[in-house]
Amino acid sequence: MAWRRWWPLAAWLGLAGLVAVWFTVSALAERGRALREVEVRAATLAEVTVENVHRLIEGADTALIAVSVMVGPTPDWGVLSRDPILWQAMHTMGAALSAAPRLLAIDQDGVVRVHGEIFKITPGSVADRDYFRSHRDDPSALPHLGVPLIGRFFHESVLPYSRRLSRADGSFGGVVLATLPPQAFMGLFASMRAEDGSFFALRRGDGTLLVRYPAMDQILGTRIDNNKAFPALVDHRPEGVEVVDSPVDGVRRMVAFKRLDRYDLTMIVGLPIQEGLAPWRRQTRRMAAVVGSGLVVLTALLVLLLQRRHAEIAVQTRLKASEENLRQAQAVARLGYYVFDMVADRWESSPILDDIFGIESAFPRSAGGWLDLVAPPQRPEMEDYLRGIIAGEHDFEREYPIIRPSDGQMRWVAGVGKVERDPDGRPLRMVGTIQDITERKRDHQALQEKAAELSRSNEELEQFAYVASHDLREPLRMVSSYVDLLGRRYGDRLDADAREFIAFAKDGATRMDRLVLDLLEYSRIGRITRPMVAVPLGTVFDRVTRALQAKIDEAGARLVVPSPLPSVLGDGDELVRLFLNLIGNAVKYRAADRSPVVTVTAERRDMVWTVTVADNGIGIEPQYFDRVFLIFQRLHKRGEYEGTGIGLAICKKIAEHHGGRIWLDSTPGQGSAFHVALPGID
Ligand code: ADP
C-alpha cells in the first residue's frame with residue numbers, strides 16, 4: 001500500500017502537531033504571565049499614585065486643621081478677619097504646601113472672612129456650594145473633596161477641599177477651605193509616565209469623578225455607575241485589580257483601584273491591555289514565524305526526501321524485476337554475458353558464460369586466457385579478429401569453436417560484443433554475450449549435408465530422366481517408322497483387324513513420343529540456368545496469345561489481359577511456357593454450355609506479384625487442388641480431353657525455379673483461378 005510508505009510523514013505531522021500544541025500552550029502561559037505583569041504594574045502604579053495623592057491632600061488637610069485650631073471654637077469673625085497672625089499663617093502654609101492651595105476661612109453663613117492671599121477679595125458667599133452645604137447640613141461629614149469648579153474669587157479651576165468648623169457646642173461655625181489646583185494632580189499623574197491609553201482617575205466614595213488624566217473634562221463631576229463601569233470596584237474592598245472594558249472609550253484595560261479611606265476617595269489606574277500585551281504579541285509572532293516556517297521547511301524537506309526515497313525504491317524494484325527477468329531469459333536462452341575491460345585486460349563473466357566456457361573462477365580472464373579457449377585451428381584467425389577489434393575496425397560478432405577446460409569437449413559458441421571507446425577512438429571496454437550454438441551448428445551441418453545429398457540425387461534423377469527420355473525417342477522413332485512402313489507396304493494385304501492394330505501401335509508410339517517430349521521438357525526446366533532478368537509480363541502474354549490464337553478462335557474464347565502489366569524477375573521463355581499451359585488449360589477445360597472467358601489479373605504485395613489466370617470452365621473439385629500439380633496426374637479419361645498430365649507439373653517447377661509458387665482455387669462447374677506468385681522488381 002502506497003500510504004504505508006508515507007508513515008514517516010504522518011509521524012512527523014503528528015510531531016509537528018504536538019509542537020504546535022506545545023507552542024500554543026506556552027504562548028498562552030506567556031500571555032498569562034504578561035497579563036500578570038500588567039496587573040502588577042497597574043497595582044503598583046495605583047499604590048504609588050495613592051501615596052502621592054495622599055501626600056497632596058494630607059498637606060492641605062494639615063493646613064486646614066491648623067487654621068481651624070487658630071479660628072477656635074468660638075470664632076469672632078470680625079476679629080479674625082483682621083488678625084495678621086492668622087492671615088500670615090494661612091498665607092505661609094498655602095505657599096509652603098507642594099500643591100500650593102489657597103486657604104480660605106468661611107463663616108457659618110457662607111461668607112469668606114479670611115484668606116491667605118496678599119490682595120483683597122470682594123467678600124462673597126459660597127453658601128450655595130456643595131461642600132458648604134454638606135458641612136452645614138451634616139455635622140459628621142468627613143473632610144470633603146469637591147467636584148472641580150471655577151473659583152468665585154480667583155476665577156480659576158479648583159478642587160475644593162474643605163473641613164467643618166464646629167463650635168464648642170457642636171453647632172456649625174463655618175468651613176475652612178483649601179482650593180487645590182487640578183494641575184497638581186495632573187502633574188502627579190503625568191509624572192507616572194504610564195503607557196499610551198492609560199488613565200488615572202480620582203473618584204469620590206459616592207462615585208463622582210473628580211480628576212482624570214488624561215483630561216476628559218466632560219465626564220468630570222459625573223457619577224460613574226460602579227456596577228456598570230467597574231463591577232469589581234465595590235466599596236467594601238480597599239484595593240484590587242480587574243480587567244474592565246471602559247464604558248467611556250471602549251478600551252479593555254487592567255484597572256487597579258486603591259482607596260484612601262480617610263478622605264473617602266478611590267484612586268483608579270487603568271493600563272490598556274493591548275499595549276501591555278504588545279511585547280508578548282511581538283515575541284509570540286516572532287516565535288510563531290520561526291517555529292511555523294521551521295515546521296513548513298522541515299515538512300517540505302521530509303516530503304522531498306520521502307519522494308526521492310520512494311522514487312529510488314520504485315526504480316530499484318523495477319531494476320530488480322528486470323534484472324531477474326533478464327537473468328531468467330538468459331538462463332532459458334543459455335546466454336552468458338561478459339564485460340571486458342580492454343584497458344586493464346580483464347573480463348568478468350556471468351555464471352552461465354562460465355558454464356558455457358567450462359571455466360572456474362580461478363581461470364585467467366584476460367584476452368590471452370580467452371584465446372586459449374578457442375579451438376587451436378581457429379586460434380590464429382580469432383587472434384587476428386581480436387586485433388581488428390582493438391584497432392577499431394569492427395565490433396565482435398563471430399561464431400567460433402572452443403575447447404572447454406572442464407571436460408575437454410569442443411563446443412561452438414556465438415559471440416557478440418559492442419566496444420565502447422574514448423573520444424580518441426581507443427577501446428575502453430567491450431560488453432557482450434556468448435551463446436552455446438553447438439546443437440544448432442550440428443543441426444545446420446546435418447541439414448546442409450542433407451540438402452547437398454538431395455540436390456545431388458535430384459541432379460542424378462534429372463540427368464537420368466533427360467538421358468532416358470532423350471535416348472528413348474530413338475527406339476521409339478524406329479518403332480513408329482517401321483509400323484508406318486508396315487502399314488504402307490503391307491496395308492493392302494492385311495485384313496481390317498490387322499490394319500486397326502497397326503493404327504493402335506502407331507497411336508501408342510505417337511503418344512509415347514509426346515510423353516517423352518513432355519518429360520524431356522520437364523527435366524530441362526532449371527537445368528539450363530540463365531540469369532534472371534526483368535521480364536515484362538505484357539510481352540509474355542503477347543507471345544502466349546499469339547501461340548494460342550488458333551485454339552482461342554476455335555473455341556470462341558475471350559481472353560482479357562490488362563494493360564499495362566508489370567515486369568517480374570525471371571526467365572522469359574519459362575514464363576511463356578507457364579502461362580501458355582495455364583491459358584491453354586483454361587480454354588481446353590471450358591464448359592460446354594458457355595463460351596469461355598479467360599481473365600488475367602496482377603496484384604502486388606510488397607515485393608511479390610501475384611498473377612491470376614481465371615476461367616469460367618468446368619472447375620476442379622477441392623480434393624484435387626494439390627494433385628493436379630503432380631506429374632502425369634489427370635482428372636479425365638484420355639478420350640475426353642487430350643493431354644499428358646504434365647502441364648501443371650511444369651508450371652509448378654517453373655514457379656518454384658523463380659522462387660515463387662503456384663496454387664489454385666476453384667468452384668466445380670463455375671470455373672477455376674490459378675495464382676502464380678513471382679518476384680517483383682523495384
Ligand atoms: P493435361 O495435359 O491433362 O491438361 P495438366 O497438368 O495441364 O494436364 O492438368 C492436369 C489436370 O488438371 C487436367 O487433366 C485437368 O483435369 C485439370 N485441369 C487443369 N487445368 C484446368 C482448368 N483450367 N479447369 C479445369 N480443370 C483443369
Side-chain angles (χ1 to χ4, degrees), residues 462 465 469 507-526 540-541 543-545 547-561 573-602 610-658 660-677:
E462 276 170 12
S469 45
D507 184 44
T510 312
R511 264 196 312 116
M512 188 153 173
D513 189 44
R514 182 78 247 139
L515 274 173
V516 169
L517 272 177
D518 281 352
L519 202 60
L520 207 57
E521 190 188 340
Y522 180 79
S523 66
R524 261 198 207 120
I525 297 164
V540 170
F541 279 98
R543 283 171 63 188
V544 171
T545 318
L548 287 175
Q549 200 57 58
K551 281 196 176 144
I552 291 171
D553 292 345
E554 182 201 315
R558 189 155 64 87
L559 180 60
V560 184
V561 181
D573 288 347
E574 285 187 0
L575 290 175
V576 169
R577 188 80 189 91
L578 191 162
F579 290 109
L580 206 59
N581 280 350
L582 290 185
I583 294 177
N585 279 352
V587 175
K588 182 163 57 167
Y589 298 104
R590 61 180 175 268
D593 56 348
R594 53 187 179 259
S595 32
V597 178
V598 184
T599 314
V600 177
T601 50
T610 300
V611 183
T612 300
V613 176
D615 62 49
N616 60 344
I618 58 172
I620 301 171
E621 298 281 346
Q623 68 264 34
Y624 302 126
F625 280 7
D626 288 331
R627 218 179 103 182
V628 290
F629 293 108
L630 296 179
I631 194 163
F632 300 137
Q633 292 295 329
R634 310 197 65 228
L635 305 180
H636 303 279
K637 286 203 211 88
R638 217 182 321 133
E640 288 177 282
Y641 299 94
E642 67 168 83
T644 54
I646 210 164
L648 287 179
I650 287 173
C651 290
K652 185 170 191 283
K653 209 169 169 197
I654 292 173
E656 282 168 2
H657 181 226
H658 278 73
R661 64 191 187 100
I662 183 168
W663 72 101
L664 74 98
D665 49 66
S666 172
T667 313
Q670 288 187 18
S672 319
F674 284 81
H675 312 282
V676 191

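Being a predicted model, the structure only gives us computed values, none of them experimental. Numbering of ligands and ligand atoms starts at 1, following listing order.
Nearest to atom 6 (O) of ligand 1 among the protein's heavy atoms is Leu648 N, 2.9 Å. Nearest to atom 25 (C) of ligand 1 among the protein's heavy atoms is Tyr589 CB, 3.5 Å. Among protein heavy atoms, atom 23 (N) of ligand 1 sits closest to Asp615 OD2, 2.9 Å. Looking from atom 8 (O) of ligand 1 to the surrounding protein, the closest heavy atom is Gly645 CA, 3.1 Å. Of the protein's non-hydrogen atoms, Ile620 CG1, 3.4 Å is the one closest to atom 26 (N) of ligand 1. Residue, atom and distance of the protein heavy atom nearest to atom 3 (O) of ligand 1 are Arg634 NE, 2.6 Å. At the shortest separation from atom 7 (O) of ligand 1 among protein heavy atoms lies Asn585 ND2, 2.8 Å. Of all protein heavy atoms, the one lying nearest to atom 12 (O) of ligand 1 is Val628 CG1, 3.4 Å.
Checking side-chain atoms of Asp665 against main-chain N and O of Pro622 turns up no donor-acceptor pair under 3.5 Å. Counting only distance, with no hydrogens or angles, the side chain of Lys551 and the backbone of Gly584 share no donor-acceptor pair below 3.5 Å. Judged by distance alone, the side chain of Arg514 and the main-chain N or O of Ala509 form no donor-acceptor pair under 3.5 Å. In terms of modelled atom types and a separation under 3.5 Å, the side chain of Lys588 and the main chain of Glu642 share a donor-acceptor contact. Remark: side-chain polar atoms of Arg511 are not paired, donor with acceptor, to backbone N or O of Gly508 under 3.5 angstrom. At least one donor-acceptor pair under 3.5 Å links the side chain of Asp615 to the backbone N or O of Ser672. Looking only at distances, a side-chain donor or acceptor of Ser666 sits under 3.5 Å from a matching main-chain atom of Gly671.
Taking every non-hydrogen atom of Lys588 and a distance limit under 4.0 Å, the qualifying atoms of ligand 1 come out as 1 (P), 2 (O), 4 (O). Close approach of ligand 1 to His636 is summarised as follows: ligand atoms under 4.0 Å from at least one heavy atom of the residue are 15 (C), 16 (O). Those atoms of ligand 1 that come under 4.0 Å of a heavy atom in Gln633, given as number and element, are 10 (C), 11 (C). Which parts of ligand 1 touch Ile618 is read off a 4.0 Å heavy-atom cut-off, strictly below it: atoms 25 (C). Taking a cut-off of under 4.0 Å to the non-hydrogen atoms of Gly619, the atoms of ligand 1 that pass are 25 (C). Which parts of ligand 1 touch Leu635 is read off a 4.0 Å heavy-atom cut-off, strictly below it: atoms 14 (O), 16 (O).
At least one heavy atom of Ile646 sits under 4.0 Å from some atom of ligand 1. The closest approach between a heavy atom of Glu642 and any atom of ligand 1 is not below 4.0 Å. Contact annotation: Gly617 has no heavy atom less than 4.0 Å from any atom of ligand 1.
Between Ile662 and the choices Leu582, Val611, Ile654, the side chain to side chain contact (heavy atoms under 4.5 Å, CB included) rule is met once, by Leu582.
Contacts between Asn581 and ligand 1, counted as non-hydrogen atom pairs separated by less than 4.0 Å, are absent for every part of the residue.
Here CD1 of Ile631 is found 11.5 Å from NZ of Lys652. Values are rounded to the nearest 0.5 Å. With values rounded to the nearest 0.5 angstrom, Leu635 atom CG is found 6.0 Å from Arg627 atom CZ. Separating the CZ atom in Phe674 from the CG atom in Asn585 is a distance of 6.5 Å, to the nearest 0.5 Å.
Here the closest heavy-atom approach between residue Arg634 and residue Tyr641 is recorded as NH2-O, 2.8 Å.
The distance criterion of under 3.5 Å between nitrogen or oxygen atoms is not met by Gly643 with respect to ligand 1.
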